[in-house]
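Below is one structure, written out as structure tokens, with a few remarks after it.
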Amino acid sequence: MDSNSLPLLKGTLDLLILKTLSWGARHGFAIARWLEERADGEMEIEDSALYQALHRLEEREFVTAEWGLTENNRKARYYRLTTAGRGRLRADADVWKRYAKVVGRILATTPRTA
Amino acid sequence: MSSFDGFRRLFRLVSRTPREIARDVDEELDTHVELRVSQFRSNGLSDADARTEAARRFGDMNQTRGVLTLRAQRRAKRVRLNELFDSIVYDAFFAVRQLRRAPSASLFAVTSLALGIALATSFFAVIDGVMLRPLPFRDPGRLVALQSVDSARNSVVVVSADNWYDWKNSNKTFSDMALYGISSRAPIMGDEGAVRASTVQVTPGFFDVVGMTMLRGRGLEAEDATTTANVAVISEGLWRRQLGSHELPLTLRFYGVKFQIVGVLARGQELPADAELWTVYSHHQVGGAMRNNINWFGVGRLAPGVTIEQATADLTRIALGIHATEKAALYSYGVSVLPLREVLVGKTSRYLVLLMGAVLFVLLIACANLASINVARGTSRAREMAVRAAIGAGRGRLIRQLLVEHMFVAILGGIIGTALAFALTRMLVAWASEELPRAGEISIDGGVLLFTLVTTILVGLLTGLLPSLQAGRASLVATMTAVSRGAVGGGARTGRALVIMEIASAVVLVAGAGLLIQSFRTLLAQPLGYETRGILTAEIALSGAKYGGRAAPMGVFWQTLLRQLRASPQVADAGLANWIPLGIDPRSFIMVEGRNERMGGGYRVVSDGYFNALRIPVLQGRAFTNDDNLSQPRVGVVNQAMAKAFWPGESPIGKRLSAGSMEAFSGKPADWITVVGEVGDVRHSGPEGETEPELYVAYQQLPFRMSALTLVVRAKNADLDLAPFVRQQLKELDPLLAADVGSLAQKFDSATAERRFIMSLLLLFGVLALALAAIGVYSVLAFQVAQRTRELAVRTALGADRAQLLRLVLQSGAQLIAFGVVIGIVGALVLSRVMTSLVFGVSTHDPFVFGTAAAVIALVGLAAAFIPALRATRIEPMMALQSE
């Protein structure tokens, strides 16, 4: 594992999963691969954390799951956004972007001596 | 969204077991790991390295597996429960539709269950109030009743104050003990005028010993007995009625004497139950014959941790000591200590349990009835069930649907039954308030409602389970083909068995009621030895300045009263007695001259005219006359039983005896009394009582004054109400006098009221059971005829005549009835033993009663069978065969 990779901020994983599913149903491994490619090695997500998050989202009915087949004819569980999940994604993404902007702006200011 | 919901519903319908869910999780994670491994391998890693790297990337596999599985299982369970609830709601709606499709059958079902549940609830409320709830006093488990044991080892409910005084002062096992007297009605003047109220004397500390709750003020204490001021405690009822609920201090006049009210006793706390005014009695030890003057009820509070056995042993030791020093003490042989509750409600409990058993029998019959009807209907709905099974309803699902349907009926019955029970309980309490102790405490509370709920659920199961299981068993192909041939008979056997059980239960109830009716008839036919019809009674107590406690003016009053009443053309005769029949039985030691043994016997003070007024026959010698007074030698009259017991084979006339325990005072021996007459035996305690040797003495010759006597007046015409006339006469003689005027017939009625009450209820239950059983026979046969329409039509077409068809169906009914009656008679023979204490003058296996019960059931059952049998003969073969 790359020791330079970023730790995952609390609550971010749910948001990232919802974003991943916004293009259609995917199984757990596909979600992990997609996120790895986007993060380009700068952020590592443990697989166990991913699955726990998926099941949590399923329980809250932000996603639903069904059995399907992979390209290689393996049986896999496909996750799909629900209407509630889509709304959740929009709201959380908004909050996250504003948060990042404010934190970035504050960190960008240089100290001035009085 | 709709497609998602549709998907979700589809997904949920496949409810997965916990094991399947675990397998799902495993499979999902395994797939993931496999995909990882192939990813790393395609990156060039060896198989082993790829696996190691995949495991590292995953993290803690076991923990994740566990967490995910647990969560998924929990979720599935929640979903299942939701679904179950949804389907029960659906079934309930379906049930309503089913009920509306057969309104008369539904109405019958709900009504019979409602009645049964109402009866059960009301009786449970009565049992709860009378038997189950603790007495309404402080720490009631330690309260005991104290009773005497006489020389013949008989328990006697009352005690002597002299003995009690010794028990109280020498015991080591009681916190305290007190006495209360026999309540008597007396005139009381309050703000709202004069009334007669039930008054009773109690020893100081009585209220504290019993642990009663005072609404106002305090109980009666030791200092109340020593001060000159007269004090009393009154009941809340009397306080509200007569004293306008005014705050203390209050006064009222009682026997013309002013009393200060120091306390008001809260409602429901009365002991004895009918008392309204309590005054203090302070006892002075006399000893000797006073030890036999037993007219007090003893009550004690056990010291903490003391058992009844220890208390009994302690008091018995004291009683034996008394007996050793005072040989005259007839009732000092022992003491019996019993839980107060047992004494207050014990006798009632026994018959309440019997009645409750009868009620449950009725409820059971109602359930069996419905179950048999449900089985029958279930069979006719077999096609519906088969179709449901065909489109995919599982067996469990079908059973549940039917069970919900029957449960729905039961709950509907339960709700209506509970509403009915409130009214019924009030009726029962009003009807039996005289016979039921603690009637005021009977109410439908949470505990009773819980009983109702459990009963309702049981009823639902009893009426629904059998038919539901029966229907669930139906196999599709068999049912469909059988239905089309009209020959489904699966439920018929169950239905018949249930009806046989109903008939058997009805036999038990009817036989039980029959035994009580027969007992009552025997009882009423029992010769009492005196007249009850047309006899007026008036309890009179003389008090106030006019008499000043002196014997002479009292004597004048009594003599004048008798003379004036006899002067009326309406009066056949009038007399006086200290205790008339159906009251208290005073007893005394009797010494016969020339013999050294003491004998026991009744002791009654009566006036001239008494025997004639009550039509007690004089068998030998003479009755008392107005000349039997103090200036004449003491005379007495004995009854036949005493004459036989004391002087067998001889005439009692001229013999001498003395009433030791009653007439010996302050060391002076009792007078010798010469027997001048013999009269017929009397059952003084009522028709169930025995006749005992009794001595009558003349009221004007007593060594003490008689201030309270009961007047008996026989009218020439038994239908004439003498009360207004007697009241007028009493008023003229003493305007301040208030008397309790009643009739002997009334007293006889209330002496037999309890029996009448039990008998009427059991008869009612018997009739209900009979009606239900008849409906059961009818419905099972009607169903059979309907099911066999085709067969009967073929028979008719082939030339069977109507009489044959009638016989065919009746035979089937007669079979049911015969089985039921035989089983019922056997059951009744076994169960009638519980009625031993209630049955009077008949054997609990009385063949007449049992035969009659069997005959009645058989006749009613055959009558019920006749209707469907008649229907069978009216089948038009062509129509019946074409309709299939």
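Note that these values count all heavy atoms, side chains included, but never hydrogens, waters or copies made by symmetry. Residue numbers start from 1 in every chain, and the chains themselves are labelled A, B, ... in the order their sequence lines are given, proteins ahead of strands.
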- Task: Answer with side chain, backbone, both or neither: which region of R75(B) has an atom nearer than 4.5 Å to a non-hydrogen atom of chain A?
- Result: side chain
- Identify the residues of residues 31-44 of chain B whose heavy atoms come closer than 4.5 Å to a heavy atom of chain A, ordered by number, or report 'none'. T31(B), H32(B), E34(B), L35(B), R36(B), Q39(B)
- Run the salt-bridge test on K75(A) and E27(B) with the 4.0 Å N-O cut-off and return the result as yes or no. yes
- Task: Go through the steps to decide whether R78(B) and E59(A) satisfy the test side-chain contact (heavy atoms from CB on, under 4.5 Å), and finish with yes or no.
- Result: CA-CA 11 Å; R78(B) 220 162 31 229; E59(A) 202 167 307; 4.3 Å; yes
- Query: For A84(A), which residues count as a side chain to side chain contact (heavy atoms under 4.5 Å, CB included) partner, sequence neighbours excluded?
  - Reply: F62(A), T82(A)
- Query: Rounded to the nearest 0.5 Å, how far apart are CZ of R71(B) and CD of E58(A)?
  - Reply: 10.5 Å
- Task: Identify the heavy atoms of S48(A) and G59(B) that sit nearest to each other, and give their distance.
- Result: OG-CA, 4.2 Å
- Check Y51(A) against E28(B) and note the closest heavy-atom contact, atom names and distance. CE2-OE2, 3.5 Å
- Given a strict heavy-atom distance threshold of 4.5 Å, which part of R33(A) is in contact with chain B: side chain, backbone, both, or neither? side chain
- Give, for atom OG1 of T64(B) and atom CG of L50(A), the distance between the pair rounded to the nearest 0.5 Å. 10.5 Å
